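Reading through the structure tokens given below for one structure.
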Amino acid sequence: MTSPYVFAHDAYAADLQRGFAHLSDGEESGHSVRAAGRLMLLRRQGRVAFATMRDSSGEIQLFALDAVTAAFEEFTHLHLGDWVGVAGEVVRTKRGELSLKVTSWERLAEALHNFGDKWAGISDFDLRYRHREADLWANDTTRTTLRRRSDVLRSLRERCWAAGFVEVETPILNAIPTGSAARPFVTHHQALDSAFYLRVAPELWLKRLVVGGFERVFELGRVFRNEGLSPRHNPEFTMLELYAAYWNYADMMSFTEELVAGVALDILGTTEIDYQGRRLSLTTPWPRRSMDELVSEALDESVSVHTERATLVHHLDTVGVEAHPSWGPGRCLSELFEHLCESSLWDATFVTGHPVEISPLARRDPRDPEVTERFESFVAGRELSNGFSELNDPLEQRARFEEQARLASAGEVETMAIDEDYIKALEWGLPPTAGLGVGVDRVAMLIADEANIREVIAFPTLKPLRES
RNA sequence: GCGCCGGUAGCUCAAUUGGCAGAGCAUUUGACUCUUAAUCAACAGGUUCCGGGUUCAAGUCCCGGCCGGCGCACCA
């Protein structure tokens, strides 16, 4: 059977359900429509048959009768999963189900595979992730979750546009992987015969656009980090980065909380959301807590970036972390924070005062030059965003990069590579600027109430199947 | 990368101590003119993830591998 190339279509299930809600049981509207979708259920009863058809808007029942429906016998032999286009009158059956009384129909595509149990759906993770199309067919929650992700992207974009940010795109193929201390993926360009790295962050490119005069820019796109997989980490993930000239980190914190809370309002209508069975607050303003204050509380002993390294190393020891010889007090403090405090930050919270040592692109805090004007937001025990007043002094930036190179030679695997072009860009003059990076997948997880990042990614990274 | 758990029909799942590999749904055939996961009847459906080993006998026990889930590590 040749399958049709087109199907002229003028009705969606949800519109019909709304528009004909007034039809009483057994009533016929006299109104004919053409609709299309996928066959979900099929019940034959002798010379009549009922089918449930789903389109992108919802579901509607098809009512076929031998006396009315063309090729009735063939209709009753359609397979679950087949795509069909139908023409028929909008009616309500005696039992009260809004239906299309099918006069003519065609099969638009045949489903050659049985996708699943019509009641239990598909639950095998391997099948669901490797064949998301079948998962989407079979599981309502997959459809709503991926739809929610799309809603998050739209909301983020609209809110950035509304605040005067210009959407830009910067290179994914980078000769130097920088902007974040992360291990990159390496690839190769044939014609140039040179190595390229997939970006670990668009950060430096975006600031170069600010140098060039784009005062507010954002990029919403994929970054790639060569790291392990977990329920919260996919090697390629979506990041929103934005930069605003003339702002400092405090301005950016205000923007961040309004942005994330705004997304929740746009989609869920509230900033007090339910996440994994627990109430979670995104209501602004979010508390501002400094890193040394949180660590001191956890240790019940006052510590900071000025505390002697040996003391911090001792505390690390008690939480089972062995300090690398290259770690200074700043890195030690940060490690203590991550092990003692991070997982307990449930409601949205800003953590500020990151040591210079772990913040090579952030501006020093004039009140304490050992810490930076930086913040990270934490929600549900994990980092959601990261931002700071951007370091715009080319001389100091060079020194910071050189410190990173020194750490690399001391054995640190994840350091930031020196980028001469970026330093030159700073020499052209970067106005005072604040920057922000938001983990979009994690926002989607919050909004969709999903615990696993793979659920909010249509096609998550999986190990390729090999010969066993 | 390490640890724990899992992989049985297209899908969802059973299978007692190691003793003939099963059910529901889907598919195929038949009955049924208002069903709602329709119902009823029948047929068919298997490399029990892969490869070794132990045993009279392995889905089950042992070893190796593949893939997944969770935890750890790395990170956002």
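Everything numeric here is computed off the predicted structure, so don't read it as measured data. Labels below follow one simple rule: chain letters A, B, ... track the order of the sequence lines, proteins then strands, and each chain is numbered from 1.
Relative ring orientation between A:F255 and A:F165 is described as tilted, the plane-to-plane angle lying within the 30° to 60° band.
If you take atom C1' in B:C13 and the same atom in B:U8, they sit 9 Å apart, rounded to whole Å. Remark: the separation of the C1' atoms in B:C20 and B:A15 is 12 Å, to the nearest Å. Comparing the same atom, C1', in B:A44 and in B:G1 gives a spacing of 47 Å after rounding to whole Å. For the P atoms, the distance from B:A73 to B:G3 is 16 Å, rounded to whole Å. To the nearest whole angstrom, the two P atoms, one in B:C66 and one in B:G24, are 38 Å apart. For B:G10 and B:U60, the C1' atoms lie 25 Å apart once the distance is rounded to whole Å. B:C67 and B:C49 have their C1' atoms separated by 8 Å, given to the nearest Å. Separating the P atom of B:A37 from that of B:G30 is a span of 26 Å, rounded to the nearest Å.
At B:A37, none of the side-chain N or O atoms of A:K118 fall inside 4.0 Å of OP1 or OP2 (strictly under the cut-off). Side-chain N/O atoms of A:N234 include none lying less than 4.0 angstrom from OP1 or OP2 on B:A76. At the phosphate of B:U33, neither OP1 nor OP2 sits under 4.0 Å from any side-chain N or O atom of A:R47. A sub-4.0 Å separation between OP1 or OP2 of B:A38 and a side-chain N or O of A:Q45 is absent. Distances shown here put every side-chain N or O of A:H113 at or beyond 4.0 Å from the OP1 or OP2 atom of B:C11. Of the side-chain N and O atoms in A:R232, none sit less than 4.0 angstrom from OP1 or OP2 of B:C74.
With a cut-off of 3.5 Å on both Watson-Crick or G-U wobble distances, the partner of B:U39 is given as B:A31. Remark: B:G24 base-pairs with B:C11. Criterion, Watson-Crick or G-U wobble with two distances under 3.5 Å. Base pairing analysis places B:U17 opposite nothing; no Watson-Crick or G-U wobble pair with both distances below 3.5 Å involves it. Pairing of B:C61, defined by two Watson-Crick or G-U wobble distances under 3.5 Å, is identified with B:G53. Nucleotide B:G6 forms a pair with B:C67, judged by Watson-Crick or G-U wobble geometry with both contacts under 3.5 Å.
Distance from the side chain of A:V48 is smallest for B:U33 among the nucleotides B:U33, B:A38, B:A76. Of the listed nucleotides (B:G71, B:C11, B:A76), B:C11 has the atom at the smallest distance from the side chain of A:D117. Closest to the A:R225 side chain, of the nucleotides B:G68, B:A76, B:U36, is B:A76.
At a threshold of 4.0 angstrom between heavy atoms, the contacts of A:S230 include nucleobase atoms, whether or not backbone atoms are also involved. If you check every strand for non-hydrogen atoms under 4.0 Å, A:P460 touches nothing. Residue-level contact check: A:N386 touches neither bases nor backbone, having no heavy atom under 4.0 Å from any strand. Residue A:F63 is in base contact, counting any heavy-atom pair closer than 4.0 Å across all strands shown. In this structure, A:F125 reaches the sugar-phosphate backbone alone: every heavy-atom distance under 4.0 Å involves primed, P, OP1 or OP2 atoms, never a base. Using a 4.0 Å heavy-atom criterion, one finds that A:S123 contacts the sugar-phosphate atoms exclusively. Nucleic acid contact class of A:D66 (heavy atoms, under 4.0 Å, all strands): none. Among the heavy atoms of the strands lying under 4.0 Å from A:G121 are primed sugar atoms or P, OP1, OP2 only; no base atom is included. Note on A:H77: only backbone sugar-phosphate atoms sit closer than 4.0 angstrom, heavy atoms only; bases stay farther off. Residue contacts for A:E383: at a heavy-atom cut-off of 4.0 Å it reaches the sugar-phosphate backbone alone, with no base atom in range. When heavy atoms are screened at a 4.0 angstrom cut-off, A:E376 is found touching no nucleic acid atom at all. Base contact: A:R44 has a heavy atom under 4.0 Å from a base atom.
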All N/O donor-acceptor pairs, side-chain side in residues 117-125 of chain A, below 3.5 Å, sequence neighbours left out:
residue: A:D117; atom: OD1; partner: A:W119; partner atom: N; Å: 2.8
residue: A:D117; atom: OD1; partner: A:A120; partner atom: N; Å: 3.0
residue: A:D124; atom: OD2; partner: A:L127; partner atom: N; Å: 3.0

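Taking the charged nitrogens against the carboxylate oxygens, A:E390 and A:K207 do have a contact shorter than 4.0 Å, which makes a salt bridge.
Summarising the geometry, the separation between CD1 on A:I453 and P on B:A76 is reported as 13 Å, rounded to the nearest angstrom. Per the geometry, CZ belonging to A:F72 stands 11 Å off P belonging to B:C32, to the nearest Å. Rounded to an integer number of Å, the gap from A:L80 CG to B:U36 C1' is 14 Å. If you take CZ of A:F224 and P of B:A76, they are 16 Å apart, rounded to a whole angstrom. Atom-to-atom, CH2 of A:W119 to C1' of B:A26 comes out at 16 Å; the value is rounded to the nearest Å. If you take CZ of A:R132 and C1' of B:G68, they are 14 Å apart, rounded to a whole angstrom. As rounded to whole Å, 10 Å separates atom C1' of B:C25 from atom CH2 of A:W137. The distance from atom CG of A:L41 to atom P of B:U27 is 11 Å, rounded to the nearest whole Å.
In terms of position on RNA chain B, the residue among A:L462 and A:E335 whose nearest nucleotide sits closer to the 5' end is A:L462. Where A:G439 and A:P464 each meet RNA chain B at their nearest nucleotide, the meeting point lying more 5' is that of A:P464.
Side-chain rings of A:F350 and A:F375 approach one another, their centers coming within less than 6.0 Å. For A:F63 and A:F50, the gap between ring centers is short of 6.0 Å.
With hydrogens and angles left out, the side chain of A:D124 and the base of B:G68 share no donor-acceptor pair within 3.5 Å.
If you run side chain to side chain contact (heavy atoms under 4.5 Å, CB included) between A:T145 and each of A:V456, A:I457, A:N139, only A:V456 comes through.
A:E357 is linked by a salt bridge (Lys or Arg N to Asp or Glu O under 4.0 Å) to nothing, counting only residues two or more places apart in sequence or in another chain.
Distance NE2/A:H79 to NE2/A:H113: 13.0 Å, rounded to 0.5 Å.
Evaluation of A:F237 against the base of B:A76 yields a stacking contact (centre distance < 5.5 Å, interplanar angle < 30°).
The side-chain tip of A:R278 points at the ring of A:W346 from less than 6.0 angstrom away and within 45° of straight on.
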